[in-house]
Structures are given as C-alpha cells and as structure tokens.
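For reference, the structure discussed in these notes is given below.
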Amino acid sequence: MRKNLLAAAAVVTAVGCLTLTACNDDDAKSGGAGPSQVTTGKPATSPATPQSTVPSVPSASADGPKGAALAFGESSRTVGAGTVGILEITPATVVYAQAAGRVTPQHGTFAVVTLLEKSLSANPADEEAPAKGGGWRWVAADGQSVPAGNGNAAKVVLEKYRHSGGIAPGASQVRAKVFDLTPAQARGGTIVYTDGTKSDDRWKVPAVDTGPQVAEVKQQLKP
C-alpha cells in the first residue's frame, strides 16, 4: 500500500520527464532529420539511452529503506496516520543524558532524538499513533526493542519540541522522542518508525551526542 501511495507522485514526475525528453529530442532533430531517424532511438551523434534520462523511482530516501537502515540525518518519506498524507521524516540530533530536569531515567540513560517532520501532500500529515500500531522504538545492538516513552521517558518535557497533531501541507515541525535505556542499550542503535501502512523506516543512531541541536537539547534538559 505504501509503495502505491508514495510512488504515485514519483510516477507522474517520471512521466513528465520522459515527455519532456521526447520533446527535446524531437526539437533537436527537427533540423533535417526524417521521421524514420527520429523513431530509431539510436541518434548518430549521441550514445545516450532513454534510461539515462529517467530518474530512479523510488529511491531509498524517497520511499524509505529497503532493509538496511538509513544514515542518521537522511530523510525518508512515509505515509501519514490513517494512510492520510505524506510525511517526510529526518532524524536531526541525538543526545544522551543521565537526567532531564529533576527526572532521572529508570534504566540509566535517556536518549533524546529530535526529528524534522514535513508534510508533503495536500492534506495534513501526522505520525501514526502507537495505539494503532505505529510510532517509534529503539532497537539496541543486541536486538532488544524499546518503545519511545518507556520507563521515565514519558515524564521528560522539552517545550521547544512539544508538538502533536497533523502538520499542515508544506509546513514542518521539529519533534522529539525520548527513550529510557540501559547503559548497554545507549551505545548507539537503530530507531524504527512504523507508519500508517505498518511499514518500517530505520535509521542508525550514533553512540555519541550528534547533530545541530545538541546544545539546544541540553539546554532544554537543564533543571
């Protein structure tokens, strides 16, 4: 289902590119070339094939990973909650902390991940709720899976990233997910998001504080 929803826009773009390429070829050959020469597909002066002008559809960054996790900071397009809208998600920053204000982690370490989320469709787009089978989880190197908001993570409040609800078409928000991890689980891992079609997107997470908002997140975590 997700392939169909996400690929529709890409197919339209690809068709437009093919049409434009064909028109450009006709214009370039109109100065003296006969019809039989135009339709051969083998111009004498150019070895390029039609495939060289067609973009790859879909790419990993446009339609989510196909097995392997994406690099931290790479974007992926997902289907919005209830299969409405298209949401582009980009993990931006990860910060590991032993406290968040006066809240301490139940298991030893908080991992805070900020996410840039943008609505790319004509309808507002939102994350799929955990109650409907969606949402975020952290997968440690040993395969242990931890849902966002576990332990004392739900008690962590970062006012600047406290957003919820549908994101308006063309608009973007920076949101944060918090995980309560053991020291072993906090040595890097993989974050996984399950979208409105129950498809997973994965990103590798560095084992150290990384990203443009590190200082800002740490400021938000202060008492």
Item checked: Non-hydrogen atoms of Val205 and Phe72 that approach each other most closely -> CA-CD1, 4.1 Å
Next item on the list: Let me know which of Leu120, Asp201, Ile89 forms a side chain to side chain contact (heavy atoms under 4.5 Å, CB included) with Arg77.
Entry: Leu120
Checklist line | Heavy-atom closest contact (Glu128 atom, Gly80 atom, distance) | finding: OE1-O, 4.5 Å
Check: Do side-chain atoms of Gln220 reach the backbone of Glu159 as a donor and acceptor pair under 3.5 angstrom?
Finding: yes
Next item on the list: Return the orientation label for the Tyr193 and Trp136 ring planes: parallel under 30°, perpendicular over 60°, tilted otherwise.
Entry: tilted
Next item on the list: For the pair Arg187 and Asp142, find out whether any cationic side-chain nitrogen is under 4.0 Å from an anionic carboxylate oxygen.
Entry: no
Check: In the single-linkage hydrophobic clustering (I, L, V, M, F, W, Y; side-chain heavy atoms under 4.5 Å), do Val214 and Phe110 co-cluster?
Finding: yes
Checklist line | Gln144 side chain to Gln185 side chain, donor-acceptor N/O pair below 3.5 angstrom | finding: yes
Next item on the list: For the residue pair Thr194 and Arg137, establish whether any side-chain heavy-atom pair is separated by less than 4.5 Å.
Entry: yes
Margin query: Please determine whether a side-chain nitrogen of the Lys or Arg among Glu127 and Lys177 lies less than 4.0 Å from a carboxylate oxygen of the Asp or Glu.
Written below: yes
Check: Should the heavy atoms of other residues, nucleotides or ligands under 6.0 Å from NZ of Lys198 be counted, would the total exceed 12?
Finding: yes
Notebook entry, point to check: Are the side chain of Asn123 and the backbone N or O of Gly85 linked by a donor-acceptor pair below 3.5 Å?
Noted result: no
